[in-house]
Amino acid sequence: MSATETRSSPLDALAEIGPRRAGSDAERRAAGILAEALAASGARPRIEPTYVHPQWSSVYLLHCLLALGGSLLSAQVPAAGFALVLLAATSLYLDLSGRFYLLRRLFFRRASQNVIAPALGESDRPRVILCAHYDSGRTGAAYNDWALRGFERVRRLWPAPVSPMAVVFWSMALLLPALGLRLAGIDANWVSILQLPQTLMLLLAAFMLGEISLSPTSPGANDGLSAPLAALRVLERLRPEPLANAQLHVLLTGAGETTQQGMREFLRSHRKELDKESTWFIDLDSAGRGTPRMVRREVPALAQPMDIDLLELGELLADADDARALLDLGPAGGASTAAAYGYRSAALTARPADEFVPIGHHTPADRIEQLDPDAIDGVAAFATDLLHLLDRDLGRRQRSA
């Protein structure tokens, strides 16, 4: 299968409308195109409006500036400095997990939308929601090769699993003990030395985030187009053998590249109907280049493990097929957001090796010409087999109940 064949798919029009920044008219038009593609596959989609704060890099820049200000202020007014860093760290942790927005509320909201295709047929079965985001994120120097190599060195040295934003969070959190010493009246040079590495890390992060805020949007082919295409192919694969014991829903979210706000809004607006004991999320992301992989843990602020039952099923599939593998760590996605809200979740992606970010992540080179249709088919096949195994497992549970 060639890149030309990829262009002839129902998602060809997505590439034609250009970068799909969250809250933009291009993102809105992309939602309509995806709804048409889902309808052509036999689903009955609807577009659900949401409101999001798409300026994630500016939001986190504000967090860094507050923490930097608190670190500098602590030398003169320890209580005020400690309070500023504590506010920044708490707000950042809650924001990254998607649980609550504090400082983000200071920024304006924009209209976005989720495309939802509810299951056909019986509604009393367990619910499995197949997810993917379709927007594209901003570029920036933080996504260049030299920056990624620097992050990989930090990741190997860091004592816990981290993502770039987790490093920022821990830089704030690790400032608090030193500022607590100042608050206790200890004002020695070695306390300043304790503050220095975290303060420098926050200063670097502030420059990086400010530059991202001013950068153009990536075409978002692998990180934006490939996963919805894989979700459509899952529907095609399931047509001859649909799930017998579960109802399959499709959720294509906007504002995924602004810390999964589309997924967050879906969870918050539908929480009364989404029973945590009978709802499963399978999130597809960056499926266009590399080997199909299931992610063990995603890292927003703290590492969020995926559902153990789904991981065991994924391990069975990977053991049975050398063309599949597991990925130990990945960036925060829809699966970790759902998991933060207490839902059983799994994440599927593609990587050429055990790398944290996908190829072309948030770069101008992430174009449709670079997609590998075999990788997209591989992720779709992995997801389909996972759904069938989960369906059989749910059937066994229902019979034994």
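Since this is a predicted model, take the numbers as computed values, not measurements.
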Measure the shortest side-chain to side-chain distance between [X] and [Y] over non-hydrogen atoms and say whether it is less than 4.5 angstrom.
X	Y	answer
R182	S192	yes
R125	N245	no
L251	H249	no
R104	T259	yes
V295	D285	no
T337	D283	no
V59	Y101	no

For H362, check ring pair (Phe, Tyr, Trp, His ring centres under 6.0 Å) against everything at least two apart and list the hits.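 Ring pair (Phe, Tyr, Trp, His ring centres under 6.0 Å) list for H362, sorted by chain: Y143.
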Among pairs that include at least one residue of [range], which meet ring pair (Phe, Tyr, Trp, His ring centres under 6.0 Å), considering only residues two or more places apart or in two chains?
range	result
residues 16-58	W56-Y60
residues 329-348	F281-Y343
residues 178-234	none
residues 76-98	Y93-F169

[X]: partners by salt bridge (charged side-chain N to carboxylate O under 4.0 Å, His left out), with sequence neighbours left out:
X	result
E277	R344
R296	E315
R46	E48
R293	none

Distance only, no hydrogens: is a donor on one side chain within 3.5 Å (strictly under) of an acceptor on the other, for H361 and S286?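 Side-chain D/A pair, H361 to S286: absent.
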Is a side-chain donor-acceptor pair under 3.5 Å present for Q260 with H133?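 Short answer, no.
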Ignoring hydrogens and angles, write down the donor-acceptor pairs under 3.5 Å from the side chains of residues 156-167, residues two or more places apart or on other chains.
| from | atom 1 | to | atom 2 | distance (Å) |
| --- | --- | --- | --- | --- |
| S163 | OG | A166 | N | 3.2 |
| S163 | OG | V299 | O | 3.0 |
| S163 | OG | P300 | O | 3.1 |

Would you mind checking if R149 and E152 are paired as a salt bridge, meaning a charged N to carboxylate O distance below 4.0 Å?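 No.
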Keeping to residues at least two apart or across chains, list the side chain to side chain donor-acceptor pair (under 3.5 Å) pairs with something in residues 298-309.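 Found E298-S336, D309-R397.
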For residues 378-387, which side-chain donor-acceptor pairs fall under 3.5 Å, sequence neighbours excluded?
| from | atom 1 | to | atom 2 | distance (Å) |
| --- | --- | --- | --- | --- |
| T384 | OG1 | A380 | O | 2.7 |
| D385 | OD2 | R324 | NH1 | 3.1 |
| D385 | OD2 | R324 | NH2 | 2.7 |

